[in-house]
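Structure record follows, encoded as structure tokens.
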Amino acid sequence: MEKRYSEYTEYELRQEISQLVEKARKAEQLGIVNEYAVLERKMVLAKAYLLNPDHFKPEEVYEIEGDPGRYFKIDYLNGVFAWGVRTDEPHKEEALPISLLKQSESM
């Protein structure tokens, strides 16, 4: 039975991320787009478990990693997921792994 990322040690998470990077690189080279996308999402989730959710605050706005110029306002946190809205879609609540959020310079 596979362990959940929440049960991994920091070392195990870093090992998993390294393996996922390598698998994603191979999938990209082979043109297997769906597999590449799945592996990318797994990497984002594994990276979220390396971060401290206490460093992310409700009501603050963060830039979305990999989506320049798009921002996310946190309403609340649940584990390693930040629930809130994109500032350009304020009526559509969603959850993003905290690893996709970065401190904004411009907001």
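Each residue takes its place number in the sequence, starting with 1. Keep in mind that what you see is a predicted model, and the values were worked out from it rather than measured.
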task = Starting from the C-alpha separation in whole Å, work towards a yes-or-no answer on salt bridge (Lys or Arg N to Asp or Glu O under 4.0 Å) for Glu60 and Lys73.
result = CA-CA 6 Å; Glu60 286 193 16; Lys73 181 180 178 194; over 6 Å; no

key: Tyr8-Tyr49 aromatic ring centre distance below 6.0 Å   =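 Not under 6.0 Å, so no.
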
message = Test salt bridge (Lys or Arg N to Asp or Glu O under 4.0 Å) on Arg25 and Glu22; report intermediate values, then the result.
response = CA-CA 5 Å; Arg25 187 176 300 125; Glu22 187 57 38; 2.7 Å; yes

Heavy atoms, side chains only, cut-off 4.5 Å: are [X] and [Y] in contact?
X: Phe81; Y: Leu45; value: yes
X: Lys57; Y: Ile74; value: no
X: Pro58; Y: Asp75; value: no
X: Val85; Y: His91; value: no
X: Thr87; Y: Val61; value: yes
X: Arg70; Y: Asp88; value: yes

Compare every heavy atom of [Y] with every heavy atom of [X], then report the nearest pair and how far apart it is.
X: Val21; Y: Met43; value: CG2-SD, 3.3 Å
X: Ile17; Y: Ala46; value: CG1-CB, 3.6 Å
X: Pro97; Y: Ala48; value: CB-CB, 4.1 Å
X: Gly69; Y: Glu63; value: N-OE2, 3.4 Å

request  = Spell out, yes or no, whether Val38 and Leu13 are grouped together once hydrophobic residues are joined by side-chain heavy atoms under 4.5 Å, including indirect joins.
outcome  =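 Looking at the clustering, Leu13 is in a separate group from Val38.
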
Just verifying a value: how many Å separate [X] [atom1] and [Y] [atom2], rounded to the nearest 0.5 Å?
X: Ile98; Y: Leu51; atom1: CD1; atom2: CG; result: 4.5 Å
X: Glu65; Y: Leu101; atom1: CD; atom2: CG; result: 9.0 Å
X: Arg41; Y: Leu100; atom1: CZ; atom2: CG; result: 9.0 Å

request  = Would you confirm whether Ser99, through its side chain, and Lys47, through its main-chain N or O, come within 3.5 Å as a donor-acceptor pair?
outcome  =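 No: the side chain of Ser99 does not pair with the backbone of Lys47.
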
task = Measure from the side-chain N and O atoms of Glu7 to the backbone N and O of Arg4, and report whether any donor-acceptor pair falls under 3.5 Å.
result =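 Checked: pair present.
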
inquiry  = Please determine whether salt bridge (Lys or Arg N to Asp or Glu O under 4.0 Å) holds for the pair Glu94 and Arg86, giving the CA-CA distance in whole Å, both sets of side-chain angles, and the decisive distance to 0.1 Å.
reply    = CA-CA 8 Å; Glu94 66 179 304; Arg86 293 175 191 246; 2.6 Å; yes

message = Just checking Lys3: does its NZ atom have more than 12 heavy atoms from other residues, nucleotides or ligands closer to it than 6.0 angstrom?
response =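 Enclosed: over 12 neighbouring heavy atoms sit under 6.0 Å from NZ of Lys3.
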
ask   = Got more than 12 heavy atoms from elsewhere within 6.0 Å of CG, Asn34?
value =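 12 or below, so no.
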
request  = Assess whether side chain to side chain donor-acceptor pair (under 3.5 Å) is satisfied between Glu12 and Tyr5, documenting all intermediate values.
outcome  = CA-CA 9 Å; Glu12 290 171 322; Tyr5 285 151; over 6 Å; no

Plane angle bin for Trp83 and Tyr76 - parallel if under 30°, tilted between 30 and 60°, otherwise perpendicular =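 Tyr76 vs Trp83 ring planes: parallel.
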
request  = Could you walk me through whether Tyr71 and Tyr62 pass ring pair (Phe, Tyr, Trp, His ring centres under 6.0 Å), step by step?
outcome  = CA-CA 6 Å; Tyr71 299 91; Tyr62 297 85; over 10 Å; no

